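Just so you know, these numbers come straight off a predicted model, no measurement behind them.
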Amino acid sequence: MAKRAGFWLVCCIVRPVGRQNLAGTSTPGGCQGVTFTPSGPQTMGAGTTLAITAAVSNDTSGAGVTWNTPANGALSGATTTSATYNAPAVPAGQSITDTVTATSATFPSESASLSITVQGAPLITTTSLPGGNWGSPYSATVTGTGGVPPFAWSISAGSLTTGLSLGTSTTRSVTISGTPGAQVDSNFTIKMTDATGTFATQALTIAIGPPLMMRAARLTAGP
């Protein structure tokens with residue numbers, strides 16, 4: 001009897017009531033618990049799949065888990081230890097959050113939840129850029145939304161005026177900067193590609209005016 005009491009004391013120290021496991025929240029209990037692989041919040045693209053495995057600690061019966069039905073996506077190939085999450089279609093630039101929950105068949109008070117964010121395709125929200133002047137420093141930001149990070153930005157058509165360049169960025173925004181070396185407009189298409197290879201494009205123009213000193217001289221001289 002003393003050995004049994006000592007066992008439960010150890011359990012209470014190692015697995016306290018109200019714990020939180022790596023895969024998400026778990027209901028209170030003893031020395032059992034449900035864990036996921038992968039663990040922690042997940043981000044994925046619309047229409048893609050995610051393989052999930054679940055394990056129940058100290059479950060000598062091997063009964064495994066039962067799975068819930070997610071609110072938005074779907075599960076396929078579910079077994080007592082694994083399932084595949086199928087992300088739903090999501091409009092470009094938008095996202096949804098889904099939850100997958102697995103409950104121990106042997107210990108029904110034990111469960112864990114995995115939070116999944118499903119991102120639609122990237123969408124470039126910048127549709128116009130401010131103009132610049134020949135010989136004057138210029139900087140403008142192009143912004144997008146949606147997609148799965150990290151991102152890659154590029155000029156897929158056209159070109160920037162001599163002296164301007166596209167910065168390096170893995171986020172949902174990128175900077176175009178430099179000093180225009182000619183009074184030539186930039187007419188180009190910018191491309192935003194996410195981690196899944198899905199991309200968005202947007203045609204943009206940066207109008208380059210005359211040097212500011214020349215403009216000031218003309219204003220002083222009058223018509």
Side-chain angles (χ1 to χ4, degrees), residues 24 36 38-52 69-77 83-100 113-134 136-209:
F36 283 135
S39 63
Q42 303 293 305
T43 299
M44 57 192 296
T48 61
T49 61
L50 176 67
I52 307 169
T69 300
N72 298 292
L75 293 181
S76 62
T84 298
Y85 175 80
N86 300 271
V90 178
Q94 298 184 28
S95 66
I96 62 98
T97 299
D98 225 344
T99 302
V100 173
S113 295
L114 183 68
S115 177
I116 301 174
T117 299
V118 181
Q119 292 281 0
L123 178 67
I124 298 174
T125 54
T126 298
T127 57
S128 64
L129 291 172
N133 292 91
W134 179 8
S136 296
Y138 179 89
S139 181
T141 300
V142 179
T143 301
T145 187
V148 179
F151 300 92
W153 293 85
S154 61
I155 302 296
S156 61
S159 61
L160 295 172
T161 303
T162 301
L164 295 181
S165 62
L166 180 69
T168 300
S169 174
T170 58
T171 69
R172 290 185 173 90
S173 64
V174 67
T175 300
I176 297 173
S177 61
T179 300
Q183 192 177 334
V184 177
D185 293 349
S186 296
N187 296 295
F188 61 97
T189 298
I190 194 166
K191 183 177 181 180
M192 175 189 183
T193 306
D194 77 355
T196 70
T198 308
F199 64 87
T201 60
Q202 177 66 52
L204 294 169
T205 295
I206 301 174
I208 305 299

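- Between Pro122 and Thr198, the closest side-chain pair of non-hydrogen atoms falls below 4.5 Å.
- One finds the OG1 atom of Thr189 at 7.5 Å from the CG atom of Leu204 (value rounded to the nearest 0.5 Å).
- Counting heavy atoms from C-beta outward, Ile206 and Tyr138 have side chains that approach closer than 4.5 Å.
- To the nearest 0.5 angstrom, Leu164 atom CG is 10.0 Å from Ser159 atom OG.
- In this structure, the separation between OG on Ser156 and CD1 on Ile190 is 8.5 Å, given to the nearest 0.5 Å.
- Within the 4.5 Å cutoff, side-chain heavy atoms of Leu50 are placed close to those of Pro38.
- With a 4.5 Å cut-off on side-chain heavy atoms, Met44 and Tyr85 count as touching.
- Partner of Ser186 under the side chain to side chain donor-acceptor pair (under 3.5 Å) criterion, out of Thr161, Thr162, Thr205: Thr161 alone.
- Side chains of Val90 and Gln119 form no contact here, defined as non-hydrogen atoms less than 4.5 Å apart.
- Looking only at side-chain heavy atoms (C-beta outward), Thr141 and Thr126 stay at 4.5 Å or farther from each other.
- Rounding to the nearest 0.5 Å places CG of Asn72 at 10.5 Å from CD1 of Ile116.
- A distance of 5.5 Å separates CG of Leu160 from CD1 of Ile176, quoted to the nearest 0.5 Å.
- Residues Thr49 and Asn86 have side chains that never bring a donor and an acceptor to within less than 3.5 angstrom of each other.
- Distance check, rounded to the nearest 0.5 Å: CG of Asp194 to CZ of Phe151 gives 6.0 Å.
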